[in-house]
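The block underneath contains the structure these notes are about, expressed in structure tokens.
In the text below, chain A, chain B and the rest are named by the order of the sequence lines, each starting its count at 1.
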Amino acid sequence: MKGFSDRSFPKAILHFDGDSFFASVEQAMNYKLRGKPIVTGAERGAATALSIEAKRLGLNRGMSMKDIRAKCPEVIVVSSDYTSYSVYARRMYAIVRRYTSLVEEYSIDECFADITGLRPMYGMRYEEIALMIKSDLERSLGITFGVGLGPSKVVAKIGSKFRKPGGFTPIPAKEVQNFLKDIPVGNLWGVGFAQALKLQNLGIVTALDFAQKDEAWLRAHHIAKPYREIWYELRGGSARELATEHRGSTDIGSIIKTRTFSPPSPQRAFVLAQLSKNIERACFKARKHGVKTGAVGVMLKTQDFLYRNAEVPLPVPTNDPAYVLKHVQKHFDRMFVPNILYRATGISLRSIVGEKAATLDLFGETLKVEENSKLLDAVDGLNKRYGKETIGLALSLKAVSHHEPDRQRQNSRRTSFVPLPIEQRKKTIDLPFLGMAH
DNA sequence: TCTGGGGTCCTAGGACCC
DNA sequence: TCTGGGGTCCTAGGACCC
């Protein structure tokens, strides 16, 4: 039998999606967990991933462990083990790469692959190639995968979640629209809450409604580029290349470290210590990847989920936490508003450059920074031997144990209301990853 | 809903220059 | 001092993703 013509798959894009990935990895590593209802996320007190068996009991992502244990005492609860999940993710990428070099490592449990033009080489149809890779993955890893085949990434994504778990759905270009009728437009990959709302106000409810609009309509309603691309792919085209450069090592755009602490604190020294800790962890990661940062973003988050951000340029690229802290501290004083409860701080390293890319400035700053790098190597070595965070900045030590004295908590409640600076913004937060509906 | 952590990409608008 | 137009670079912020 003849396969689909090239008009069916002008491009042949695969999307692989590990079923209940974290829970599946736990089961793959420990045979005692197989066939049993298990839930990951014990450390945060809420379910992050659930095995099939746990889902069948009616449990959901985001449910509190308390509720889960009350409802189903037989459920096995484990802590997240991201190190192992990453190992399985890398195995997944490696297996798919045996079949094509064009692989995008999209996330810890997903990847895209481009198999366009490989039919003659394998002597198979695209569907058969997809199934061959799928069964290799499942045999090798002990985890099932949802797999989609389509003329674009958006369509391949639709396919991989069409039948779950363990499904395979090929969608030729001319059949794409048959799959769109029952998909709410907000469920499309790349269409979030805000855009779904906008489209709904324009009378667009399903993905099919969107696909059937014409270009004049898109222009008239100022549909932005990312959504024009989705529209184009729903009509059988391909607008998005695979990002095949492996972003693993040096090719990092930014490094972000944020941490929520509990209970929230109004204390300047404590909040700064938290920030300092985040700076250390971010710089540690930068050193591990052999990169430096030329500017950092500082974030303070209040108990009311108001955010205050500042961009702090650094005179010289660095991955030395003490140097970063020195420059951040000046801005911190301006950002920190007394008598407000803070719940989290964050740091993001931007303008990332390679470790060698230091340029000499007029004031000899570079040389001073360089002197520190040998010391930091030694620190990293010790921390590796004796456990993470054995050695840290003195400031950060304040953040290590946080026992908020009752006296201060009461003080903070009694303090009068202080109007927030205008720079503070409310951010809407949605948590699709935890299974909350938009 | 009572809210974690780590990312990327796009766009609008200001600063600066010719 | 006022007037025009156009280009580039940068940053803040929005939106989205897992």
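Set against C:dA12, C:dC18, C:dC16, the side chain of A:Ser107 has C:dC18 as its closest nucleotide. Comparing atom distances between the A:Phe193 side chain and each of B:dG6, C:dC16, B:dT11 picks out C:dC16 as nearest. Of the candidates B:dT3, C:dC16, C:dA12, C:dA12 carries the atom nearest the A:Glu311 side chain, counting heavy atoms from C-beta on. The nucleotide whose nearest atom lies closest to any side-chain atom of A:Thr258 is, among C:dC18, B:dG5, B:dG4, B:dG5. With C:dC18, B:dT3, B:dG6 as the choices, the nucleotide that has an atom nearest any side-chain atom of A:Glu110 turns out to be C:dC18. The side chain of A:Tyr106 lies closest to C:dC17 when the candidates are C:dC17, B:dT11, B:dG6. You'll find that the side chain of A:Lys225 is closest to B:dT11, out of C:dC16, B:dG5, B:dT11.
Contact between the side-chain N/O atoms of A:Tyr82 and the OP1/OP2 oxygens of B:dG5 is not found at any separation under 4.0 Å. Residue A:Ser254 has no polar side-chain atom (N or O) positioned under 4.0 Å from OP1 or OP2 of B:dG6. Within the 4.0 Å cut-off from OP1 or OP2 of B:dG4, at least one side-chain nitrogen or oxygen of A:Arg343 is found. A:Thr260 has a side-chain polar atom (N or O) that falls below the 4.0 Å cut-off from OP1 or OP2 of B:dG5. Considering only side-chain N and O atoms, A:Lys157 lies under 4.0 angstrom from the phosphate OP1 or OP2 of C:dC18.
In this structure, the OH atom of A:Tyr227 is 8 Å from the P atom of C:dA15, given to the nearest Å. Separating the CG atom of A:Asn278 from the P atom of B:dG5 is a distance of 9 Å, rounded to the nearest angstrom. Residue A:Leu199 contributes atom CG, which lies 13 Å from atom P of C:dA15 at whole-angstrom precision. Rounded to a whole Å, the CE atom of A:Met92 is 13 Å from the P atom of C:dC18. Remark: C1' of B:dG6 and CD1 of A:Ile347 are 15 Å apart, rounded to the nearest angstrom. When rounded to the nearest whole Å, the span between CE of A:Met299 and C1' of C:dA12 equals 15 Å. Whole-Å rounding puts the A:Arg44 CZ to B:dG6 P distance at 13 Å. Atom CZ of A:Arg240 and atom P of B:dT8 are 16 Å apart (whole Å).
Checked options A:Glu104, A:Glu233, A:Glu229; the residue passing with A:Lys153 is A:Glu104 (criterion: side-chain hydrogen bond (donor to acceptor under 3.5 Å, both in side chains)).
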**Study point:** Dot-bracket encoding of pairs in DNA chain C, which uses [ ] for pseudoknotted crossings and | for another strand, Watson-Crick or G-U under 3.5 angstrom
**Key:** ....||||||||||||||

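Checked against a 6.0 Å centroid threshold, the rings of A:Phe179 and A:Phe162 count as neighbours. Taking the six-membered ring for Trp and the full ring otherwise, the centers of A:Tyr88 and A:Tyr85 sit at least 6.0 Å from each other. Checked against the 6.0 Å centroid threshold, A:Phe168 and A:Phe145 do not count as a close aromatic pair. Aromatic pair A:Phe112/A:Phe16: centroids not less than 6.0 angstrom apart.
At a threshold of 4.0 angstrom between heavy atoms, the contacts of A:Lys198 with the nucleic acid are absent. Contacts of A:Tyr85 with the nucleic acid, taken as non-hydrogen atoms under 4.0 Å apart, are absent. In this structure, A:Leu188 reaches the sugar-phosphate backbone alone: every heavy-atom distance under 4.0 Å involves primed, P, OP1 or OP2 atoms, never a base. The residue A:Ile255 sits close only to the backbone: its heavy atoms come under 4.0 Å of sugar-phosphate atoms, none of a base.
The pair A:Lys11-A:Glu241 meets the salt-bridge criterion, with a side-chain N (NZ, NE, NH1 or NH2) lying under 4.0 Å from an Asp/Glu carboxylate O. In this structure, A:Asp320 does not pair ionically with A:Arg287, as no charged nitrogen and carboxylate oxygen lie closer than 4.0 Å. Comment: A:Glu105 does not engage A:Arg90 in a salt bridge, judged by the lack of any side-chain N to carboxylate O separation of less than 4.0 angstrom.
Between the side chains of A:Thr48 and A:Arg44, at least one donor N or O lies within less than 3.5 Å of an accepting N or O.
Taking the 5.5 Å centre cut-off and the 30° plane limit, the aromatic side chain of A:Trp189 is not classed as stacked on C:dC17.
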